[in-house]
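Here is the structure we will look at, set down as structure tokens.
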Amino acid sequence: MQDQYLTVAAPGVHETEVNRSRFRCALAPAATEAEAQAFVAAVRAEHPTASHHCWAYVLGADGAAQRCGDDGEPGGTAGVPMLQMLLRREVRCTVAVVSRWFGGTKLGAGGLIRAYGGAVGAALDAVGTVTRNRLRLATLTVGHDRAGRLENDLRATGHRVRDVRYGARVTFEVGLPAADVDTFSAWLADATAGTARLDLHGDSYDV
């Protein structure tokens, strides 16, 4: 897995205008092709008067899935430059939809390429990106007598507590930077006088 990747934190919109044509770029995070395609469909339904709804997405922290569509614009003048902009900015797990309202002036192939790619770039600047870091998921189990202090210590030291469950003992679900597992294990043993149990699981990304 990649140690980190860039994506958009939440859906966002930015508009540009080129020779009286209006370009509205909608961005959203997407984990699967179904999510990306649903977002494209939602934008299309929300703006039925647009001349075109061109789209591109890059999925997976490693960018394994890359798709784009021109939606009636001349081939290669819309979806491809949109996709290239996402890749140039090293953005992953993101879908972009550019809705165009034709303003009466033809832009030509070069103008369309610049307009569609530029709309995505401007939207990324306006909406902003965040870094998602790879985490090692872990379960901590400790007695009730130490749970309150341990939870305070975890949060005070910046560790991500994903869940807390109370039973015969208290269980914390945490995410650890992959490189810090050994250091954390030693810290946990010291913080709980060796009474806590640490179980390591798979990897995920922070949210």
Side-chain angles (χ1 to χ4, degrees), residues 1-13 26-39 42 56-67 83 85-96 120-121 123-207:
M1 293 177 68
Q2 302 282 114
D3 285 337
Q4 58 182 212
Y5 67 90
L6 283 178
T7 189
V8 292
V13 174
L27 298 170
T32 65
E33 294 212 45
E35 285 184 15
Q37 292 165 1
F39 183 73
Y57 55 78
V58 180
L59 304 180
D62 57 355
Q66 304 173 14
R67 304 281 187 276
L83 179 61
M85 181 60 70
L86 292 175
L87 294 173
R88 187 179 310 146
R89 293 292 195 88
E90 299 184 346
V91 175
R92 305 291 185 260
C93 302
T94 299
V95 54
V120 173
L124 287 171
D125 289 338
V127 174
T129 57
V130 294
T131 301
R132 301 299 189 202
N133 296 294
R134 182 165 66 95
L135 299 176
R136 185 74 180 274
L137 301 181
T139 301
L140 316 179
T141 308
V142 71
H144 287 265
D145 58 326
R146 296 184 182 272
R149 174 67 180 274
L150 178 59
E151 182 171 4
N152 289 338
D153 288 348
L154 286 168
R155 297 187 188 279
T157 52
H159 291 99
R160 185 176 295 275
V161 179
R162 300 164 71 96
D163 189 31
V164 183
R165 298 191 301 275
Y166 294 88
R169 287 164 64 82
V170 182
T171 301
F172 297 91
E173 300 289 343
V174 300
L176 308 173
D180 294 347
V181 171
D182 290 342
T183 301
F184 178 81
S185 180
W187 174 86
L188 179 66
D190 183 61
T192 64
T195 62
R197 175 178 170 179
L198 172 64
D199 294 303
L200 299 174
H201 308 297
D203 290 347
S204 182
Y205 288 93
D206 59 5
V207 294

Sub-4.5 Å side-chain heavy-atom contact between [X] and [Y]:
| X | Y | answer |
| --- | --- | --- |
| Leu150 | Arg155 | no |
| His159 | Leu140 | no |
| Pro29 | Arg132 | no |
| Thr7 | Val130 | yes |
| Val58 | Val91 | no |

Could you tell me which non-hydrogen atom of [X] sits nearest to which non-hydrogen atom of [Y], and how far apart they are?
| X | Y | answer |
| --- | --- | --- |
| Tyr205 | Arg162 | O-NH1, 4.4 Å |
| Ala193 | Arg146 | CB-NH2, 3.7 Å |
| Ala147 | Phe172 | O-CZ, 3.6 Å |
| Leu198 | Ala138 | CD1-CB, 3.8 Å |
| Thr94 | Leu59 | N-CD2, 4.5 Å |
| Ala96 | Leu27 | CB-CD2, 3.5 Å |

As a quick check of understanding, evaluate side-chain contact (heavy atoms from CB on, under 4.5 Å) for Arg149 and Leu154, giving each step before the final call.
CA-CA 9 Å; Arg149 174 67 180 274; Leu154 286 168; over 6 Å; no
Scan for ring-ring contact (aromatic ring centres under 6.0 Å, His included) pairs involving residues 123-155, sequence neighbours excluded, and state none if there are none.
none
Any sub-3.5 Å donor-acceptor pair from Arg136's side-chain atoms to His201's backbone N or O?
yes
Would a distance-only check, ignoring hydrogens and angles, find a side-chain to backbone donor-acceptor pair under 3.5 Å from Thr171 to Thr141?
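Not confirmed, Thr171 side chain does not pair with Thr141 backbone.
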What distance separates [X] [atom1] from [Y] [atom2], expressed to the nearest 0.5 Å?
| X | Y | atom1 | atom2 | value |
| --- | --- | --- | --- | --- |
| Arg134 | Asp203 | CZ | CG | 4.5 Å |
| Asp3 | Asn133 | CG | CG | 8.5 Å |
| Arg92 | Thr129 | CZ | OG1 | 12.0 Å |

Please list, one pair per line, the donor and acceptor atoms closer than 3.5 Å that link side chains of residues 181-189 to other protein atoms, with sequence neighbours excluded.
none

Residue set satisfying side chain to side chain donor-acceptor pair (under 3.5 Å) with Gln66, at least two apart, ordered chain then number -> none
Is any NZ, NE, NH1 or NH2 atom of the basic residue among Arg89 and Asp125 found under 4.0 Å from an Asp or Glu carboxylate oxygen of the other?
yes
Please say whether more than 12 non-hydrogen atoms of neighbouring residues, nucleotides or ligands are located less than 6.0 Å from CD in Glu33.
yes
